[in-house]
Amino acid sequence: MDKKYDHKKYEEQISKMWLEGDYFKADAKSDKEPYCIVLPPPNASGKMHTGNVLMIAIEDLLIRYKRMKGYEVLWVPGTDHAGFETQTTFERKLKKEGKSRFDFDRKTLYDTIMKFVLENKSAIEEQIRQMGASVDWSRYRFALDKESIDTVVNTFEKLEKDGKIYRDNYLVNYSFKWGTTFSDAEITYKDSKTKLVYVRYKVVDPEDNQPEYIIVATTRPETIPVDTHLAINPKDESKKWLLNKKVLNPLTDKEMSFIEDNYVDVEFGTGIVKITPAHDKADFEVGKKHKLPIINLITLEGKLNEKGGELSDLSILEARKKAIEILQQKDLIEKINEEYENVVPVDYRSGDYVEQLVIPNWFVKVDEMRDMALNVFEKGDLKIYPKWREITYKRWVENMHDWAISRQVVWGIQIPAWYNVDENPEIKVSYLDPSGNLQNETIKEALEKYSLKEVEEGIQSLIAPAGATYVINTEKPGERYIQETDTFDTWFSSGQWPLITLGYPDSDDFKKFYPTSVLETGWEIITRWVSRMVMFGMYLTGEVPFKDVYLHGIVRAIDGRKMSKSLGNVINPEEYIEEFGVDALRMGLISGTANGKDFNFPRDKIIGYRKFTNKIWNMARFMLMMIEREGYDEKNPLPFWSKDYKEKAESEMIEQDDEILNKLVETIKEVENKIDQYRFADACDAIYHFMWNEIADKYIEDVKSRDGKSKEIGLVILRYVYLNSLKMLHPFMPFITEVIWGEMPRKCDNPLVISNWPDK
RNA sequence: GAGUCUGUAGCUCAGUCGGUCAGAGCGCUUCGUUCACAUCGAAGAGGUCAGUGGUUCGAAUCCACUCAGACUCACCA
């Protein structure tokens, strides 16, 4: 053996050996008890970050431990398309080339992104291998594989048949310039000087001591025609009287009533807010909470519709001007703050104004699924570790609204819904015409100039009116149909990930390994991801997709803050792998947190475990050296520890021998116990101290000084204790333990440590 | 604004049911080391457990409040 353990020399070699030996392939036909983890799929075009490393370290620890204990183990690897994240990465790349997504038709854009992702996909797969993850590569899945898409589409069809799918208005950021929506992340805010108009609202039948008018400040007077309510803060005693009163809408003269909501800031303006659910994000939420009507005022062309009365057909800015004029004529303006500064949303590309308005989106009714996802705790079907995270899950699921599952992005699974273009002439299409120019118009207008085929080929996106008729089908149902351009929310597909990867509904894997044993992931996605998987699992199979959920903490930077590119404190795991090795990095990270709390990147612990690898390496060397020095070799081997040997040697064994053997059993029990409780840091600690303090510092020193028969007994026991420690350590430090195992003469048929958990 | 968590040695953190819980690693100090390992060994210093009050025979642990910090969600008409 070399004098030092050189991780660079061995890690690649061992990893290759595991891969070629196909040791991690699960057998669905096996009689052994199943143990299964589905790897939370990293972004296919992404790179390994410290969170991924921790995730893999913990899961590999569980997987190797259970495999060694004799379970039929399956760990399914996969990568996610990560819809929006990938598309923005890609668009940044396009921007560098002086292009944008609006230069492409939908299909070309999709194909180009796919190519980009496939080119980058192997990097993360390679990193998973490098980490020593004992996943079953034969079952690898990508979120946009045909099988994945089939499962997701089938689920959508089932939901539709069960009456769970509907289309409804949903507030989105809409750009008139591009004729499409922008996600929240694509919106930036621009400072802008806007008139803050203080408008008088006439109180209907005021009491003697009450004012005749109340005053409301607004920057959007043009939306007044569709306002039906005003809001006050429930803590604002001075305005309580308004709750029993009505006021007149200053533009339509219709009566309006009041609601109470904490969202209202008592200090701002006059402490009274007009609520426009159709055209303001906050108001939309308030409106939903109080079940207020959503009345659209602004059209996809950026003009006011017939609800605007005198303002109809004007653009937003024209209407605003006109509204102020009308109010002035009616003498309903108290004052105007011309200097008011606010921020307006603009799209990240052109800086053009983006309007918040409601357009039809696809929704899933969640009522039934939500209840199922909450009841799992009562029956004890699901346990969350650490337990205090349960409340986050429950609170979120309880408050869950119907789920808007459509996204106006290309990179994802296209919703399998089709509109008949003759029945729905008002569908708004954005498409590149045959000469490559971007057009925004209705399908009817488009078809007057071009064939349906031409429009379809150039299409970027479409928006079908709320009442549009549609057919759900995987294939084009007829000549005159055009497919919905929206894709599913990433969580809609990743929420089915355990089902997708295990081949729901009737594969052997599904029968053997579903429900899986544990879901291990970061707590940050407990609401968005974990809850969705529970919902889909319950809905489709009647069973929770995993028995336990273990949530690890987030690895923060060394300075205690969250890692972020802008802070420049992102830790690249590759550097640590290079310097200290995968084993030290894995074990250091695992021991960084005992209870699932966030923790700072534990650099000191990684260095500590790096020293530890060298220590156990030298323990092995020294032990082999002592055995050799005592004259043992292949012809005259050192006896193995066994029941027989023990009986013969018992009378000559001394206190230290019994002690180390007892401590070995204690340590095995403790490590098992801690792993079973998901207390991984404690398990690390137990092995570390047993090997270093008990074996190296005490027992080896003792054996070193012995002679004759006593020395032989010492060496026999030492080797036995050491090899069993190696086994225990293997799930934590798979590489070095495998290397040393290969160097050791041992009484065991299996040349690999991977299937040998110690007996007590 | 709503919610969750945290405050224990110089640093990073354990401390599970209120009673051998004042702990670990790193760092620091002193000494040692041709004979496995300086990525080593031996010994040692250090904390009013954020603060105040309460419950209890007993509190780092339970409760209330205060102070400080982190994160999640929402966000100004």
Side-chain angles (χ1 to χ4, degrees), chain A residues 1-6 184 189 194 196-199 216-221 223-224 227 230-231 233 235 261-276 279-283 285-286 289 337 340 342-343 386-393 395-396 399 523-528 553-554 556 558-562 580-581 584 588 591-626 628-629 673-674 677 679 681-682 684-686 688-689 692-693 696-698 700-701 704:
Chain A
M1 286 172 82
D2 300 335
K3 197 170 176 193
K4 283 182 181 176
Y5 174 64
D6 178 6
D184 287 348
Y189 291 88
T194 310
L196 183 61
V197 186
Y198 287 74
V199 183
V216 178
T218 179
T219 53
R220 307 280 317 253
T223 61
I224 287 176
D227 291 343
L230 298 166
N233 189 301
K235 289 182 198 121
D261 200 284
N262 283 324
Y263 142 78
V264 180
D265 182 347
V266 181
E267 304 298 321
F268 190 90
T270 58
I272 306 174
V273 186
K274 69 183 207 61
I275 303 292
T276 316
H279 298 291
D280 181 277
K281 196 165 187 166
D283 291 3
E285 292 300 323
V286 172
K289 199 154 76 181
N337 179 355
Y340 181 67
N342 71 346
V343 289
K387 192 165 172 30
W388 54 269
R389 294 274 187 214
E390 235 180 63
I391 193 167
T392 314
Y393 174 100
R395 192 182 304 275
W396 195 85
N399 293 325
W523 61 264
E524 58 193 345
I525 49 177
I526 182 174
T527 51
R528 280 171 295 175
I554 307 304
R556 291 183 308 237
I558 293 175
D559 61 13
R561 289 185 295 179
K562 204 178 167 182
F580 303 111
S591 70
T593 170
N595 49 18
K597 284 188 304 204
D598 293 353
F599 61 107
N600 299 359
F601 186 81
R603 189 167 199 277
D604 288 347
K605 284 190 172 143
I606 293 162
I607 295 170
Y609 282 113
R610 168 69 189 121
K611 289 184 182 178
F612 182 59
T613 58
N614 193 62
K615 185 70 184 179
I616 60 171
W617 182 259
N618 275 291
M619 285 163 71
R621 275 180 67 213
F622 184 52
M623 183 167 68
L624 292 177
M625 195 187 292
M626 280 200 291
E628 201 176 309
R629 227 184 267 151
N673 196 12
K674 295 300 186 186
Q677 292 174 52
R679 299 278 308 186
D682 293 346
C684 291
D685 212 46
Y688 178 91
H689 283 111
W692 202 311
N693 301 131
D697 292 347
K698 289 190 197 150
I700 288 184
E701 291 303 314
K704 195 157 123 180

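Within every chain, numbering begins at 1; the chains are lettered A, B, ... in the order of the sequence lines, protein sequences first and strands thereafter. Given the structure is predicted, the values throughout are model-derived calculations rather than measurements.
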Peer 1: When you compare B/U8 with B/U61, how far apart are their P atoms, in angstrom units rounded to a whole number?
Peer 2: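 B/U8 and B/U61 have their P atoms separated by 14 Å.
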Peer 1: How far does the C1' atom of B/C57 sit from the matching atom of B/G18, given to the nearest Å?
Peer 2: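 The answer is 12 Å between these two C1' atoms.
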Peer 1: Between B/A70, B/A14, B/A36, which nucleotide has the shortest distance from any of its atoms to the side chain of A/Arg556?
Peer 2: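 Closest nucleotide to the A/Arg556 side chain: B/A70.
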Peer 1: Taking B/U55 as the reference, what is the distance to B/C73 when you measure between their P atoms (whole Å, please)?
Peer 2: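 Each nucleotide's P atom is 42 Å from the other's.
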Peer 1: Between B/A36 and B/G23, how far apart are the P atoms? Round to whole Å, please.
Peer 2: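 B/G23 and B/A36 have their P atoms separated by 34 Å.
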Peer 1: So A/Lys3, base contact, sugar-phosphate only, or nothing? Heavy-atom distance under 4.0 Å.
Peer 2: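 If one applies the 4.0 Å heavy-atom cut-off, A/Lys3 turns out to touch the sugar-phosphate alone, with no base involved.
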Peer 1: Hey, is CD on A/Gln677 packed in by over 12 heavy atoms from elsewhere, all under 6.0 Å?
Peer 2: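 Counting neighbours around CD of A/Gln677, more than 12 heavy atoms of other residues, nucleotides or ligands fall under 6.0 Å, so yes.
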Peer 1: What is the distance from NZ of A/Lys4 to C1' of B/C40, rounded to the nearest Å?
Peer 2: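 Result: 12 Å.
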Peer 1: Output yes when at least one side-chain N/O atom of A/Trp692 is less than 4.0 Å from OP1 or OP2 of B/G41, else no.
Peer 2: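 So the side chain of A/Trp692 is within the cut-off, an N or O lying under 4.0 Å from OP1 or OP2 of B/G41.
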Peer 1: Side-chain N or O of A/Lys597 less than 4.0 angstrom from OP1 or OP2 on B/A14?
Peer 2: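 Yes.
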Peer 1: For a quick check of understanding: with a heavy-atom distance under 4.0 Å over all strands, which category does A/Trp617 fall into, base, sugar-phosphate or nothing?
Peer 2: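 Since no nucleic acid heavy atom lies under 4.0 Å of A/Trp617, the category is nothing.
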Peer 1: Across the strands shown, which category fits A/Arg610 at heavy-atom distances under 4.0 angstrom: base, sugar-phosphate, nothing?
Peer 2: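 Base, at least one base heavy atom under 4.0 Å.
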Peer 1: Check the pair A/Tyr688 / A/Tyr609 against ring pair (Phe, Tyr, Trp, His ring centres under 6.0 Å), numbers first and verdict last.
Peer 2: CA-CA 9 Å; A/Tyr688 178 91; A/Tyr609 282 113; 5.5 Å; yes
Peer 1: Heavy-atom nearest nucleotide on RNA chain B for A/Asp685 versus A/Trp388: which residue maps closer to 5'?
Peer 2: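 Its nucleotide being nearer the 5' end, the pick is A/Trp388.
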Peer 1: Rounded to whole angstroms, how far apart are CG on A/Asp598 and C1' on B/C5?
Peer 2: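 Answer to the nearest Å: 9 Å.
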Peer 1: Take atom P in B/A42 and the same atom in B/A64, then report the distance between them in whole Å.
Peer 2: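 So the two P atoms sit 46 Å from each other.
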Peer 1: Considering non-hydrogen atoms only, spot the tightest contact between A/Lys597 and A/Trp388 and give its length.
Peer 2: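 Smallest heavy-atom distance, with atoms named: CG-CZ2, 4.1 Å.
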Peer 1: Once salt bridge (charged side-chain N to carboxylate O under 4.0 Å, His left out) is applied, do any residues pair with A/Lys615, and if so which ones, sequence neighbours excluded?
Peer 2: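 For A/Lys615, no residue satisfies salt bridge (charged side-chain N to carboxylate O under 4.0 Å, His left out) once neighbours in sequence are set aside.
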Peer 1: In whole angstroms, how far is the C1' atom of B/C71 from the CD1 atom of A/Ile525?
Peer 2: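 These atoms are roughly 16 Å apart.
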Peer 1: Consider the side chain of A/Asn614, meaning its heavy atoms from C-beta on, and name the nucleotide among B/U16, B/C37, B/A24 that approaches it most closely.
Peer 2: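 Nearest nucleotide to the side chain: B/C37.
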Peer 1: Quickly work out the A/Asn693 CG to B/A42 C1' distance and round it to whole Å.
Peer 2: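 It is 13 Å, rounded to the nearest whole Å.
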Peer 1: Under 4.0 Å, heavy atoms only, any strand: does A/Asp697 hit a base, just the sugar-phosphate, or nothing?
Peer 2: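 A/Asp697: backbone/sugar contact only, no base atoms under 4.0 Å.
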Peer 1: Remember a base hit wins even if backbone is also touched, and classify A/Arg679 as base, sugar-phosphate or nothing at under 4.0 Å, heavy atoms.
Peer 2: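 A/Arg679: backbone/sugar contact only, no base atoms under 4.0 Å.
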Peer 1: Would you indicate what A/Lys615 reaches in the nucleic acid, counting non-hydrogen atoms under 4.0 angstrom: base, sugar-phosphate, or nothing?
Peer 2: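 Base, at least one base atom sits under 4.0 Å.
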Peer 1: Nearest to the side chain of A/Trp523 - B/A36, B/A24, B/C71?
Peer 2: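 Taking heavy atoms from C-beta onward, the closest nucleotide is B/C71.
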Peer 1: In whole Å, what is the span from the CD1 atom of A/Ile391 to the C1' atom of B/C73?
Peer 2: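 Taking atom C1' of B/C73 as the reference, CD1 of A/Ile391 is at 15 Å.
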Peer 1: Is B/C28 in the syn range, within 90° of 0, or in the anti range?
Peer 2: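 Anti.
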Peer 1: Report the distance from atom CD1 of A/Ile554 to atom C1' of B/C13, rounded to the nearest whole Å.
Peer 2: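 Rounded to whole Å, this separation is 18 Å.
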Peer 1: Quick check: do A/Ile700 and A/Met623 have side-chain heavy atoms less than 4.5 Å from each other?
Peer 2: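 Sidechains of A/Met623 and A/Ile700: no contact.
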Peer 1: Between B/C13, B/C26, B/G41, which nucleotide has the shortest distance from any of its atoms to the side chain of A/Asn600?
Peer 2: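 Of the candidates, B/C13 comes closest.
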Peer 1: Expressed as a whole number of Å, how far does the P atom of B/G10 sit from that of B/U48?
Peer 2: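 Result for the P pair: 9 Å, nearest Å.
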Peer 1: Under 4.0 Å, counting only non-hydrogen atoms across every strand here, what does A/Thr392 touch: a base, just sugar-phosphate, or nothing?
Peer 2: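 Result for A/Thr392 = nothing.
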Peer 1: So A/Phe612 and A/Trp692, would you call those rings parallel, tilted or perpendicular, with 30° and 60° as cut-offs?
Peer 2: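 A/Phe612 and A/Trp692: parallel rings.
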Peer 1: Write down the distance separating the P atoms in B/A59 and B/G53, rounded off to the nearest Å.
Peer 2: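 Roughly 14 Å separates the two P atoms.
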Peer 1: Please determine, for the side chain of A/Lys611, which listed nucleotide (B/U16, B/U39, B/C5) has the closest atom?
Peer 2: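 Closest nucleotide to the A/Lys611 side chain: B/U39.
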Peer 1: Round to the nearest Å and state the distance from A/Lys274 atom NZ to B/C76 atom C1'.
Peer 2: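 Rounded to the whole Å, the gap is 14 Å.
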Peer 1: Within the modelled atom types, does a donor on one side and an acceptor on the other bring the side chain of A/Lys674 and the base of B/U16 under 3.5 Å apart?
Peer 2: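 Such a pair exists between side chain and base.
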Peer 1: Taking the nucleotide of RNA chain B with the closest heavy atom to each, which residue, A/Arg389 or A/Arg621, is nearer the 5' end?
Peer 2: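 So the residue in question is A/Arg389.
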Peer 1: Name the closest nucleotide to the A/Arg395 side chain, picking from B/A36, B/A24, B/G3.
Peer 2: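 Nearest to the side-chain atoms of A/Arg395, counting from C-beta on, is B/G3.
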Peer 1: Counting distance alone, no hydrogens or angles: does the base of B/A42 have a donor or acceptor under 3.5 Å from a partner atom on the side chain of A/Glu701?
Peer 2: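 For A/Glu701, whose side chain was compared with the base of B/A42, there is no donor-acceptor pair (under 3.5 Å).
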Peer 1: Figure out the CD1/C1' separation between A/Ile700 and B/G41, and round it to whole Å.
Peer 2: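 To the nearest whole Å, that distance equals 13 Å.
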Peer 1: What interatomic distance, in whole Å, is found between P of B/U29 and the corresponding atom of B/C71?
Peer 2: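 After rounding to an integer number of Å, I get 35 Å for this pair.
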